[in-house]
Every structure is written in structure tokens, then in C-alpha cells.
Protein chains: 2
Amino acid sequence: MSGSMSRKVVRLRDVADAAGTSTKTASRVVNGDSRVSPDTRRRVEQAVESLGYQVDVTARSLRRGVDDTIGIVVPTIGDPFFAKAIEEIEKRSLDLGVKLLVASNSYSAETEREIVEGLIGRRVAGLIITPEFADYSFLQRIPTPTVFIDRHPRGLDSGVVRVDDQGAARAAVLHLAEHGHRRVAIVTDDLTIRTSKLRHLGYHDALRDRGLPIEERLEAHGCRDAHDAFSATEALISGPHAPTAIFSSRSETSLGVVRQLHASGRTDIALISFGDFVTADVITPAVTAIDHDPAMLASAAMDRLTERMAGVPDDGSDTIVPLRLIERGSGELTPAHLEASA
Amino acid sequence: MSGSMSRKVVRLRDVADAAGTSTKTASRVVNGDSRVSPDTRRRVEQAVESLGYQVDVTARSLRRGVDDTIGIVVPTIGDPFFAKAIEEIEKRSLDLGVKLLVASNSYSAETEREIVEGLIGRRVAGLIITPEFADYSFLQRIPTPTVFIDRHPRGLDSGVVRVDDQGAARAAVLHLAEHGHRRVAIVTDDLTIRTSKLRHLGYHDALRDRGLPIEERLEAHGCRDAHDAFSATEALISGPHAPTAIFSSRSETSLGVVRQLHASGRTDIALISFGDFVTADVITPAVTAIDHDPAMLASAAMDRLTERMAGVPDDGSDTIVPLRLIERGSGELTPAHLEASA
DNA sequence: TGCAACGGGGTAATCGTTGTCACGGGACAT
DNA sequence: ATGTCCCGTGACAACGATTACCCCGTTGCA
């Protein structure tokens, strides 16, 4: 019944009225502009406090032309790797006083483009994108600072923040070779996926370096999940020329490989997993893994993005995030024939 | 050098000009209003296409008073449980044509409140919050539709979407009792955490139901991570009155328990983990777990949120998301003395 | 025939904030 | 003493889309 039905929202105008200043001055106080006298500042601050004023960000963003957000687009948010990356980026965003818009692009090329365009339509201050299906040439004309991670975008000549897939895969296989293995198999995803291809190339690099044979029957491609890898591994190890070591190119496939090795009692076969997973150290033997730290990738991406936002143009070069090999046992097994002769 | 330095952005006005209509009509087309003649519609659509027009969402949001976004606030984005939940919510958001703002609140009560207020200042259409430290009484006055998940917010009388922690913990311990165990230990986090407390209560419920002893030396509290749990388990199983079964109240602690059991060769001790983890089925024996499906929780939260957004008020009741017990072996081990007598 | 209802369209105000420009007055240098 | 410059401040317009309101013909119906 009170006469003053409180207005829906408190506007800067209301604050200014209460403090006896213009909205402009109130705005100055709210935005930390130094050119305000201490007395005025205090009055405004007090008004803000008592009225519970909060900036309407939609209005601010319209006026400024940019929104205090950055968008991140990943294939799957639930993937622990990307989840950790998002976490790191959110942390950094907090420091920048910016909010984080997350979106997934693992639907189709069309929705992927729509999603990115939608983000741009929101006038995001920056974009971090894991390119998937879409052609990104449309970004050419758009001024939004953008950083790509993990893979190169199709249709756009841009630097990328990524891990050294090829180099690390090579290092892993060399590690196996160093322990005496001459028949090293690979279990991997579809080779049309850039990441998979690079790791596959690294695998070949290592074999070539060591003069080891490259054999098709040692390669299992197209393993999209643990289940595929489970079957593929069975086929690999059941033949007469079974490998003494396996290089699994994704943590997902590693789970399948491990299950198969355990199921068939062949835990004597060496294994290195590209991509770590929890409990890799609980299994016997514990699984040696190459770990790419998502936080590091994310951090590097944010560094790059803040650079772009500051106006530094993309020079087309890639930022390579290092990887590390975690020796746990499975990657240090020696082949049976060597053990016998020892 | 070209004479026409293209204008920064294409506005609705430009589309209208190109199509020879007013902005109002162009707006109608863009927003799918039916009261436009087919011919006009086509002209506008063509203009949109050729100019590459995109709605400026910041302007639209200002005018409408709400932004087409929903905010989700969780303790840790990187936690697989919340990551999966976010993933599900993002999927649902896509259907609603809404973007998702994610934020973490695991910093402090103050930043938690600032984060939520910041979201509200953005005029989000809805909020999904996992309350942590902050007092949420300030939300009382705010019209933004809000749904809380996992825990009850402090300072606000509101329904919640949550799992039945206490009931499920009770079920797990009863499951162990059913297999003959009379000395069941618990490894858990700090009991000041609501979730931990509820699970602890469920543990006691079960013991009481079965007339089993409640002993302090069977309870390891304050295990914040796998490492703590590792040490705590060592203490638990080394005494003279060691338990024959362990109930671990978080997947994180379960990792520590498993490591300790393996390290000390006591894989004969039964174990049920509250919270599943990958490779729980690779370990020997595979770990029986109670799984709370994050997607289900998220989905229920979205159902509730869309209801709120449609104007249905909170009736204060909780939505309970069911859990399921996944029998894998470790929870079905029988105590040594029973085996001996068998 | 008269008139209301409706389809199709336009004009201008509005959302809340902030950049631009202007102004009076003191400090300081010429 | 006069100009220059900076400070604190305010009036005002603009950001781009939406929407309240108005207008003009057609129809349909009494």
C-alpha cells in the first residue's frame, strides 16, 4: 500500500539524483575515473550503496560497442581436458573483470558457424575457439580478437595455440624403442582429424628414425571411443606378428587398450598413452602417459588473446605448448625376448 | 584507398534502407513476425543476406530488459561432475536459443556474491547456482529466475535440485552389510560441507538400521583429496580392529583409498565409492560405485528454470534426482572370516 | 451502406550508459 | 596582465533494436 511502488531497477539517473550530481559524474565515480572531487565521489558512492545500484551491463555494452565477455568454443565441454581449460580461462577472465560465455561446437558445421556468429553478435571482447567442422573464412572481415586452439581453422590463415602433437608422439615411440621394442603398434582415431594425423605422423617419424618397420597390420585407425579401441587391440595382439608395445593416441582409446590387455592377460605388452587419465597409476602396471596440461594451453591462449585485444596483430605463428612424459611403468616394459635373454 | 570505407557494423537501419522498408518492418522479419507480406519479407531477407546483417544483441537486450543468456555458477568448472552438468545445460540452452555464461564461485563469499550480482547486472534470463559460501538473502528482492542445485542456499528459503545424498549413502552401506560386513569404515571429507554431512548421516542410518556399531576409529574425516584419503586409509586398516569394508564418500577420496589398498596388498577389503570415476572398472577388483548422473541433475535444473522463467513461482520443494548403484565387484566382496567358514 | 476488424506498414520515443564538447575557475608561465 | 592548461562538472546526443502508437486501405458482416 505504500505510495512509492519501487521502480523496477535503479538507474544511474537515480543515483545521480540522490547524490545531487549529473549522471555523467555518477558514471565517472562508478567507472573509477579520477577526475572527481573527493567530496562528490563520496556522495555518489553513498547513493550507490544505499540504493543498491548496479550497472546495467547491457546498456553499457551497447554504448561501448563491446561487451565485457569472452567466448570460448570447444568440441565438448564435458571432456576433462576442455573442462580444465575452461576452468583456467574462467580464472583468468575473473582477473580481467570479464565474464565467460561457453559454447560447444560439436554439432555440425552449420551450427558451429551460427554459434560463433551469435557470439560475435553479442559483441564479445574476444574469442577462443577450437575449430571443428566449420569454414572460418567469414572471420576474415570481422574485427573481434580471436585465438584458435588445438587445431588450425579451415579457410583462415591464422596462428594457433597448440601442443606439439607430432613431436610428442615421436618422443613417446622413441621412448618405447629405447626400451628395446621393434614392433610398436598404434591405436588411434580417424586420421582425418588433424590431431590424430599429427600424432600418427610422429609415430612414423620415430619408426623411421630408428629404422623400424612401418606395417599396416600394426596400425589400428578409426577408433572413436574406448569400445572401438578394445576391439582393435584384440585384433592387434592376437595375430602371429603381435606388437610388443602399443602407442595409444588418445586417453579415450587408452582406456580401451588397457581393458583389452587386462582382459586377455597381456599386461606384458608395453603401453604409452597420449593423454593422461585418472587412476592411470592405480592399474598394474601403471600406465606411462604423455600429458598435455590443459591449464597451460588455456593460459597460453589467454596470453595470446589479451595481446590481440591490445591490438597486436596475429603474425601467423603458432604457440607450441610443451608436453611431458610421465614414466609409470607400462612404457618402460622390455620385450619378452629381451627379458628371456637377460 | 577505396572510397567507401565500409561502416563498422551493419545495422537494421541499413537492411531496411536496402530493402526499401522501415526498420520496424525489417525488425518484424528478423524476429519472425507473421504480419509481413511475402514480398516484403523476401526483400528484407535478401538484404540481410547480402549485407551480412547480424542482430546486435547488446542493443536488443537493453531494449528488452533481459539478455538471452543464462548464468551457471559452480564451485569448480574442471570437476568432471560439474563439467558434465555444464555440458548438459549448454545443450539445453542451445535449444532455447540462449547462450551460457559460466562462472566459478569457489573463491570466497565476497567474490561469490560479486559474481552473482555481476550476472544479474547483465540481465541474464535465468540463473543456476551451486551455492557455496555466500549468503543469498540479497536475491530476495531480485526478480531474476533462479534455481539452486546440489545444496540449499544460505539466507534464502528456496527449493533445490539435488541428489539424495543421505539415502544413497545409506543404501551403499546397507549393500555392504548385506554382504556380511559388520565393520564398515567411512572415508570422507570435512563434515562441515553439507554434502559430506548428509552422506555421513546416511552411513550412520545404515549402521543403526542393522544394529552395527558406530565407532570413531572407523571414521576418517577431513580427507580433502586423494592424498589425505591415502594416509587415512592406511591408519584405518593397520589397526587391530580393521574394517572389512570401506565406504568412500567422494570419488576423489576413493582414488586415495584404492591406491592405499593396492599399495598395502589389501584388495580383499570391500569398497563402495560415492561417485564414479573412469577406470573404476579396470582396477582389480573393479570398484563398485554409486553414480549420480550430472546430466540428470542438470536436466532437472533446466526443467525447473524454464518453469521459473515461465512465471511459475518456487513452491519451496526440492527436486530429488535418483542415484544408482553400479555393482562391479569391490562392493560385493565378503569378509574374510565368512569366506573361511564357508 | 456503414463500420469494425485486420493486414501491412511507418514514426518516433525509449532502454541506461557513456563519449563529446563546453564551461567556469584556479594555477602557472610568459 | 593575459593567455594556456587542467580540473571538476554538466548538457546532450548517440549506441542499435524494439515497441507504443498511428495510419491507410480492404474485407467481412450486420
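Residue numbers begin at 1 in each chain, while the letters A, B, ... track the order of the sequences. Note that these values count all heavy atoms, side chains included, but never hydrogens, waters or copies made by symmetry.
Contact annotation: B/Thr21 side-chain N/O to C/dG9 OP1/OP2 distance is not under 4.0 Å. Phosphate proximity of C/dT18 to A/Ser27: present, with a side-chain N or O under 4.0 Å from OP1 or OP2.
For the helix from C/dT1-D/dA30 to C/dT30-D/dA1, the rotation axes defined at the first and last 5 base pairs enclose an angle of 40°, given to the nearest 10°.
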Shorter than 3.5 Å, N or O on both sides, protein versus nucleotides 19-23 of chain C: list them out with atom names.
{"unit_1": "C/dG19", "atom_1": "O4'", "unit_2": "A/Arg63", "atom_2": "NH2", "d": "3.4"}
{"unit_1": "C/dG19", "atom_1": "N7", "unit_2": "A/Lys24", "atom_2": "NZ", "d": "2.8"}

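The CZ-P distance, from B/Arg13 to D/dT18, rounds to 15 Å in whole Å. In this structure, CG of B/Leu62 is placed 9 Å from C1' of D/dG16, rounded to the nearest angstrom.
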For a side chain to side chain contact (heavy atoms under 4.5 Å, CB included) check, start with the C-alpha distance between B/Ile72 and B/Phe82, then their side-chain angles and the critical distance, and finish with the verdict.
CA-CA 10 Å; B/Ile72 175 162; B/Phe82 290 111; over 6 Å; no

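Partners of B/Glu117 according to the salt bridge (charged side-chain N to carboxylate O under 4.0 Å, His left out) rule, which considers only residues two or more places apart in sequence or in another chain, are B/Arg113.
Identified under the side-chain hydrogen bond (donor to acceptor under 3.5 Å, both in side chains) test for residues 312-321 of chain A, with sequence neighbours left out: A/His152-A/Asp318, A/Ser158-A/Asp314, A/Arg162-A/Asp318, A/Arg304-A/Thr319, A/Asp315-A/Ser317. Note on residues 66-82 of chain B: pairs passing salt bridge (Lys or Arg N to Asp or Glu O under 4.0 Å), not counting sequence neighbours, are A/Arg122-B/Asp67.
Checked against the 6.0 Å centroid criterion, the rings of A/Tyr107 and A/Phe133 do not qualify as a close aromatic pair.
Residues of residues 35-60 of chain B having a heavy atom closer than 4.0 Å to DNA chain D, listed by number: B/Tyr53, B/Asp56, B/Ala59, B/Arg60.
Using a 4.0 Å cut-off between charged side-chain N and carboxylate O, A/Asp95 and A/Arg92 make no salt bridge.
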